[in-house]
Amino acid sequence: MPSPAVQLNFSTTWSYAPAPESAAHVKVAPRYELFIDNRFTPPAEGGYFDTINPATEKKLSEVARATAADVDKAVAAARRAYEGPWSRLAPNERGKYVYRIARMIQDRARELAVIESMDGGKPIRESRDVDVPLAAAHFFYYAGWADKLDYAFPNRSPKPLGVCGQIIPWNFPLLMAAWKLAPALATGNTVVLKPAETTPLTAMKLAEIIQDADLPPGVVNILTGAGDSGAAIVNHPGIDKIAFTGSTEVGKLIQKSLASSRKKLTLELGGKAANIVFADAPIDQAVEGIINGIFFNQGHVCCAGSRLLVQESIAEMVLRKLKDRMRTLIVGDPLDKNTDVGAINSKPQLEKIQQYLKIGGEEGADLWCTECDLPQRGYWCRPTLFLNCSQSHRVVQDEIFGPVLAVQTFRTVEEAIEKANNTPYGLSGGVWTDKGSKIFKVSSQLRAGVLWANTYNKFDPASPFGGYKESGMGREGGLHGLLPYLSLN
Ligand code: NDP
């Protein structure tokens, strides 16, 4: 007798058994001090603030709040190190320190991943498989450049700038620290780094690594604190270069305050990328790309594909498949290995997203979200679509920085390009099509620094990253990422 046809039945109530990552091996101290001159140092006057787990709202630790007096101390330490041991070191020896940091990140990868998920809310699968390995890869990559700068810029006598102030956001705390520190150190600069207020813990673990790696005192100084600590770094006269990643609003403030100074500046700011799906695209693959584009890291990604532009003739099918796929997304405990969408990073960020959910509805877009259960405590947002959006809607124009996708349709290639470019931002974009020629036509006309074709959110330390327009200036990653840290004669 012939065996019955095998069929996949999607309408069962299958669910995954919990697969929690253990946090038992992780040591989080009750309090962290500032890291200045390779020593953990109490703040001069700023006191301490709590850092919490956004999935449970429970306090994890408290960290020091740096004020102008601490910034002064850290800049002085960085200057001593720059003019002392660090500048006397042979470039290949400098490279060895950077390699050492890379290897120590790998050694402590599991611990760093767990802390990143606890402090920031991102799923452990992402911190384990993306954030931490990429952070190590950045240090490895730039370590290799340390003794090859004369070959990278032949006949240009590359020289370090001096003391760099670096300010990073909360969406990829360890990875952004790596993006900033690795090229600065490889090129011979010293650093004062400020992590974001809500995610200081992996930066403090990185401070332990730097101490264990035996870097000369003062080469890396890490100051925790809030926006005013960042502003004190930006405005300190002893700093030669500022590298900032964060909101366009704060980026503009920084640019204004440095306008009359000699400090070099790079800004990596917001985005509102269009993910463009043409009728000839591999549809199931594109649906995965749309999901990855907007729901990776709860949408707290500057290059997120937060606008979907789908060709009208396939819109109905794509949206049906997209909704089906969204219904399978597991929202919840960041430390569970099954979780796809973790906690929103902070209460203010959740409130901002909720405000946009209201604005989108009031402006006339149709809100659709999944019906998944959410945990009782913590900050959560269901994966959400805004359908039937117009170009003028704020949910199409503004960076929401959450798991919210604005959907629009188009008929022609020209219309897709025009809509994609109709934004103050210019950081990234995606193109989905079967035709290579269309990829070239569209990507050459999109005003965005990073473009992916038939994929999304792929990162590599060798590849430059950065934006046009209000998405910032300067590039990080690759050979281009060395330039902001060097003067070339
Ligand atoms: P911010 O731009 O305020 O924060 C980024 C970093 O800058 C943090 O370390 C912050 O410190 C610091 N900072 C804040 N004010 C100043 C200042 N005046 N001078 C120097 N440094 C400063 O982003 P938010 O955390 O407030 O997030 C707000 C919005 O910004 C988000 O909703 C999102 O839309 C966008 N954003 C975009 C990012 C991107 O990569 N494109 C990253 C983060 C946010 P602290 O956090 O301690 O206050």
Test side chain to side chain contact (heavy atoms under 4.5 Å, CB included) applied to Glu208 and Tyr32, step by step | CA-CA 11 Å; Glu208 290 173 8; Tyr32 286 94; 3.9 Å; yes
Check against side chain to side chain contact (heavy atoms under 4.5 Å, CB included), Phe459 and Leu175 | CA-CA 11 Å; Phe459 304 97; Leu175 183 58; over 6 Å; no
Going through the checks in order, is the side chain to side chain contact (heavy atoms under 4.5 Å, CB included) test met by Thr224 and Leu34?
-> CA-CA 6 Å; Thr224 45; Leu34 305 171; 3.6 Å; yes
Please lay out, stage by stage, how Trp179 and Phe465 fare under the test ring pair (Phe, Tyr, Trp, His ring centres under 6.0 Å).
-> CA-CA 10 Å; Trp179 278 30; Phe465 184 97; 5.1 Å; yes
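Using a 4.0 Å cut-off between a side-chain N of Lys or Arg and a carboxylate O of Asp or Glu, Asp37 and Arg80 qualify as a salt bridge. A salt bridge between Arg79 and Asp240 is present, with a side-chain N of the basic residue lying under 4.0 Å from a carboxylate O of the acidic one. Ion pairing between a basic and an acidic side chain is recognised when a charged N comes within 4.0 Å of a carboxylate O; Glu476 and Lys180 show such pairing. A salt bridge between Arg65 and Asp70 is absent, with no side-chain N of the basic residue lying under 4.0 Å from a carboxylate O of the acidic one. A salt bridge links Arg110 and Glu21; the closest N-O separation between the charged side-chain nitrogens and carboxylate oxygens is under 4.0 Å. For the pair Asp147 and Arg94, the salt-bridge criterion is not met [side-chain N within less than 4.0 Å of a carboxylate O].
Side-chain N or O atoms of Thr198 include none that pairs as donor or acceptor with a backbone N or O of Ser346 at under 3.5 Å. A donor-acceptor pair is defined here as one N or O able to donate and one able to accept, closer than 3.5 Å; such a pair exists between the side chain of His236 and the backbone of Gly238. Between the side chain of Asp333 and the backbone N or O of Pro20 there is no donor-acceptor pair closer than 3.5 Å. Without hydrogens or angle criteria, Asp131 side chain to Ala113 main chain gives no donor-acceptor distance under 3.5 Å. Looking at Asn189, its side chain does come within 3.5 Å of a backbone N or O of Gly162 through a donor-acceptor pair. Judged by distance alone, the side chain of Ser117 and the main-chain N or O of Val114 form no donor-acceptor pair under 3.5 Å. For Arg100 (side chain) and Ala213 (main-chain N/O), a donor-acceptor pair under 3.5 Å exists by modelled atom type. Remark: side-chain polar atoms of Thr187 are not paired, donor with acceptor, to backbone N or O of Leu486 under 3.5 angstrom. Looking only at distances, no side-chain donor or acceptor of Arg31 sits under 3.5 Å from a matching main-chain atom of Tyr48. Checking side-chain atoms of Asn53 against main-chain N and O of Ala55 turns up a donor-acceptor pair under 3.5 Å.
Looking at Thr51 and Asp119, their side chains do bring a donor and an acceptor atom within 3.5 Å of each other. Tyr356 and Asp398 share a side-chain donor-acceptor pair at under 3.5 Å.
The minimum heavy-atom distance linking Asn345 with Thr199 is given by the pair ND2-CG2, 3.5 Å. Between Gly188 and Trp86 the shortest heavy-atom distance is O-CD1, 3.4 Å. Smallest separation of non-hydrogen atoms from Asn221 and Ala74: ND2-O, 3.6 Å.
Note that CG of Leu479 is 12.5 Å distant from NZ of Lys148, once rounded to the nearest 0.5 Å. Atom CG of Leu309 is separated from atom CZ of Arg307 by 6.0 Å, given to the nearest 0.5 angstrom. Between the CD1 atom in Ile291 and the CZ atom in Phe296 there is a gap of 14.0 Å [rounded to 0.5 Å].
Residue-environment remark: NE2 (His480) stays at or below the threshold of 12 foreign heavy atoms within 6.0 Å.
Relative ring orientation between Trp170 and His300 is described as perpendicular, the plane-to-plane angle rising above 60° on a 0-90° scale split at 30° and 60°. Relative orientation of the His138 and Tyr142 rings is tilted, given thresholds of 30° and 60° on the angle between their planes.
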